Each structure stands twice: as structure tokens, then as C-alpha cells.
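Following: one structure in C-alpha cells, then a few remarks.
First the proteins, then the strands, lettered A, B, ... as listed; each starts at 1. These numbers were taken from a predicted model, which means no experiment stands behind them.
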Number of protein chains: 2
Amino acid sequence: MTIPNDTDDTLALESQLCFALYSTQLAMNKLYRGLLRELDLTYPQYLTMLVLWQRDRQTVSEIGEQLYLDSATLTPLLKRLEVAALITRQRSRQDERQVEIALTEKGRSLREQAKAIPHAAGCAGQCTPEEAAELRDALHGLRRRLDRQ
Amino acid sequence: MTIPNDTDDTLALESQLCFALYSTQLAMNKLYRGLLRELDLTYPQYLTMLVLWQRDRQTVSEIGEQLYLDSATLTPLLKRLEVAALITRQRSRQDERQVEIALTEKGRSLREQAKAIPHAAGCAGQCTPEEAAELRDALHGLRRRLDRQ
DNA sequence: TCAATCTATATCGCGCACGATTCAATCGCT
DNA sequence: AGCGATTGAATCGTGCGCGATATAGATTGA
């Protein structure tokens with residue numbers, strides 16, 4: 001009697017951490033699309049604004065280091081934020097290779113509206129702050145290990 | 001004496017679960033890009049193959065329900081898998097609106113190569129199976145709550 | 001000094017995601 | 001039977017991500 005040789009679930013979709021991560025990120029993105037509609041920002045644009053609200057006047061690569069994005073992604077994104085009059089982009093005097101990104105008054109003032117977002121997102125995810133923090137730390141840990149590869 | 005009115009870290013990038021999710025997904029994607037290079041698959045294409053390896057002959061929307069993707073994303077992706085000769089696409093006889101996706105022999109046989117992927121990914125993430133399972137379940141739970149919104 | 005090298009940003013091409021729309025096939029109802 | 005509503009897939013437009021390449025400016029060293 002032969003044992004069926006392919007009943008193992010190694011490749012089962014739902015068993016895989018990578019798919020849990022992928023599909024949850026899709027769901028989170030969808031949630032934020034709704035929350036960010038009134039700010040007229042996409043999710044990556046929102047992240048970029050978070051970086052600048054924490055510290056104004058940063059170069060493209062400084063922003064990229066924090067978001068894990070490179071200039072191929074950021075340059076067009078930043079141009080759109082510039083068109084939206086939320087930031088300015090100008091070549092650094094000291095080093096003409098660098099481009100300094102700075103908030104406009106409009107960009108700074110958008111922060112007030114944005115303050116409501118994290119709480120709204122937390123409610124939607126029905127997470128207690130403790131649950132959210134635990135999951136966040138587990139994810140950051142995983143990311144750190146993946147980055148080392 | 002005035003207390004600075006904006007030292008709260010509500011909007012701090014690293015404190016937010018959504019960014020942990022976003023950046024970890026970027027890192028995971030990067031890992032899989034490397035692992036999948038020899039299979040000549042992108043990550044979403046790999047997920048689609050997982051779905052078909054679990055059950056052959058499914059319609060576009062059946063695949064979409066499992067991956068949380070709609071036809072706008074899947075139709076072009078499936079066309080590329082068809083060009084790669086991994087699947088066939090043909091209109092259902094019973095219901096001409098539906099398109100049935102079926103594996104080719106080449107598509108079926110790719111499964112053998114793919115079996116090594118989950119283990120390789122687990123090693124890269126340096127997760128014990130228990131850690132991975134726990135994080136996976138926490139993420140599926142969060143996704144379920146987000147989907148209800 | 002000036003050529004080789006390195007660095008920061010930009011550009012190009014491709015493949016997702018997805019909102020909005022279109023179109024054909026099917027269903028439901030009278 | 002026939003017509004409005006629904007459904008399944010495709011199409012279009014926009015915005016990421018990112019590998020690969022380009023380009024201009026800065027740095028290094030013989």
C-alpha cells in the first residue's frame with residue numbers, strides 16, 4: 001500500500017507567514033486609503049509626511065533610509081507632493097548632488113488633520129494599544145532579521 | 001513657562017503598526033524576489049501558483065477570493081503566466097462569463113522546485129516554526145478584523 | 001592636477017494594486 | 001418571451017516598488 005506522496009501542506013497558502021503579511025498589508029492599505037482620502041494623500045505619501053513632520057529639511061536619501069525606499073520610488077512621489085504644494089525640493093548649496101526636501105506652510109498645517117488618523121486606524125483594527133505594540137515589535141524584529149540577509 | 005505643545009509621538013513613524021507591516025512586507029518581498037528568481041516568478045505570481053497547486057481548474061474570481069485580488073490585478077497577471085506556459089485560460093462552457101484557469105504540465109511540474117521555497121524563507125527570517133505560526137495567526141486575525149470594516 | 005572612483009539623484013521599464021468603467025452573459029421577474 | 005438587474009472578466013488610468021542604467025557633482029590619489 002502506497003502512501004499518497006503529496007498531501008503535505010508545505011505549500012498551503014494560508015499556512016505561510018509571507019501570505020499573512022501580504023494580505024494583511026493589502027487590507028491595511030485599503031483601510032488607510034479611506035482614512036487618507038480627505039487629506040488627499042496616498043499611503044506612501046503619508047509615510048513621507050510622517051518622516052518630515054518628525055524632522056523638517058531632509059535629503060531624499062535620508063527619507064529613503066527611514067522608509068526603506070530608494071530614489072526611483074521617492075523622486076516621483078516627492079514631485080507629486082511638490083505639485084500638491086506640501087513640500088519644496090531644492091538642490092543643496094553645499095553639495096549639489098543632494099536635494100533638500102522641506103515642508104511648506106500647507107504641509108506643516110496638514111499635520112493637525114493627520115493626528116486623528118492613528119487613532120481611527122487603531123479602532124478599525126480593533127486592537128488594544130498593547131496588542132498593537134506587541135505585533136508591531138514582532139514585525140520590526142522580523143524585518144530586522146530579513147534585512148540582514 | 002510654556003510646555004512645548006507638540007512633543008507627542010502619536011505620529012511617530014516607528015511607533016505605528018501600519019509602518020511595521022508595510023516595511024516588513026517590503027523586506028519579505030525582497031527576500032522572495034531572490035528566492036523566486038530561479039522559478040521566474042514574481043511574488044504575486046507565486047501566490048497564484050500556490051492557489052492552483054492546491055486545487056487545479058479555478059475561475060478568476062475563485063482565485064481572487066483567496067488572494068484578496070480582483071480581476072483588474074489578476075487578468076494581466078494570469079496572461080503573463082499563460083505566456084510563460086504555466087497555465088491555460090479558457091471560457092467556461094456552462095457560463096461564458098467565467099474564465100477557467102488550469103495548470104499546464106509545466107505549471108504542475110514547477111511545484112517540485114517550489115517546495116524548497118518555504119523552508120528557505122523560514123531560514124532567512126530565522127523564525128522557529130512556532131514563532132512563525134504565532135505571528136501568522138496574529139496577522140490573519142488582524143486582517144479579518146480589518147476586512148470587516 | 002586631473003583622471004579614476006564614488007555618491008546622490010533621476011530616469012526607464014515592468015509588474016503589481018485598485019478605483020472606475022465597459023461589455024457580454026446570465027438571472028429574475030412578470 | 002422579454003427586459004431590467006446582476007455578475008464575471010477585461011480595460012483604463014494612476015501610483016507605487018524596484019532592478020538597471022544614466023548623469024552630474026564630489027572625492028581620492030598618483
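For S61(B), counting side-chain heavy atoms from C-beta on, the closest listed nucleotide (dC18(C), dA9(D), dA17(C)) is dA9(D).
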All N/O contacts under 3.5 Å from nucleotides 4-7 of chain D to the protein, with atom names and distances to one decimal?
from, atom 1, to, atom 2, distance (Å)
dT7(D), O2, R97(B), NH1, 3.1

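When the side chain to side chain contact (heavy atoms under 4.5 Å, CB included) test is applied to A102(A), the partners found at least two apart in sequence or on another chain are D56(A), R57(A), T88(A). Considering only residues two or more places apart in sequence or on other chains, R97(B) meets the side chain to side chain contact (heavy atoms under 4.5 Å, CB included) condition with D95(B).
Spacing between atom CD of E82(B) and atom C1' of dG15(C) amounts to 17 Å, rounded to whole angstrom units. Whole-Å rounding puts the E96(B) CD to dT26(C) P distance at 6 Å. One can place CD of Q58(B) at 16 Å from C1' of dA9(D), the figure rounded to the nearest angstrom. The distance from atom CG of N29(A) to atom C1' of dC16(C) is 12 Å, rounded to the nearest whole Å. The nearest whole Å value for the distance from the CD atom in Q25(B) to the C1' atom in dG17(D) is 11 Å.
Note that CD of Q90(B) and CD of Q98(B) are 12.5 Å apart. Values are rounded to the nearest 0.5 Å.
When the nearest nucleotides of DNA chain C are assigned to R33(A) and E62(A) by heavy-atom distance, the more 5′-ward of the two goes with E62(A).
Evaluation of the ring pair (Phe, Tyr, Trp, His ring centres under 6.0 Å) test over residues 45-88 of chain B, restricted to residues two or more places apart or in two chains, returns Y32(B)-Y46(B).
At least one side-chain heavy atom of Q58(A) sits less than 4.5 Å from a side-chain heavy atom of Q66(A).
DNA chain D is contacted by S71(B), A72(B), T75(B), K79(B) of residues 66-81 of chain B, taking any non-hydrogen atom closer than 4.0 Å. Residues of residues 36-54 of chain B that place a heavy atom closer than 4.0 Å to DNA chain C, in numerical order, are T42(B), P44(B), Q45(B).
Judged by distance alone, with hydrogens and angles left aside, the side-chain atoms of K79(A) form no donor-acceptor pair with the main-chain N or O of L74(A) at under 3.5 Å.
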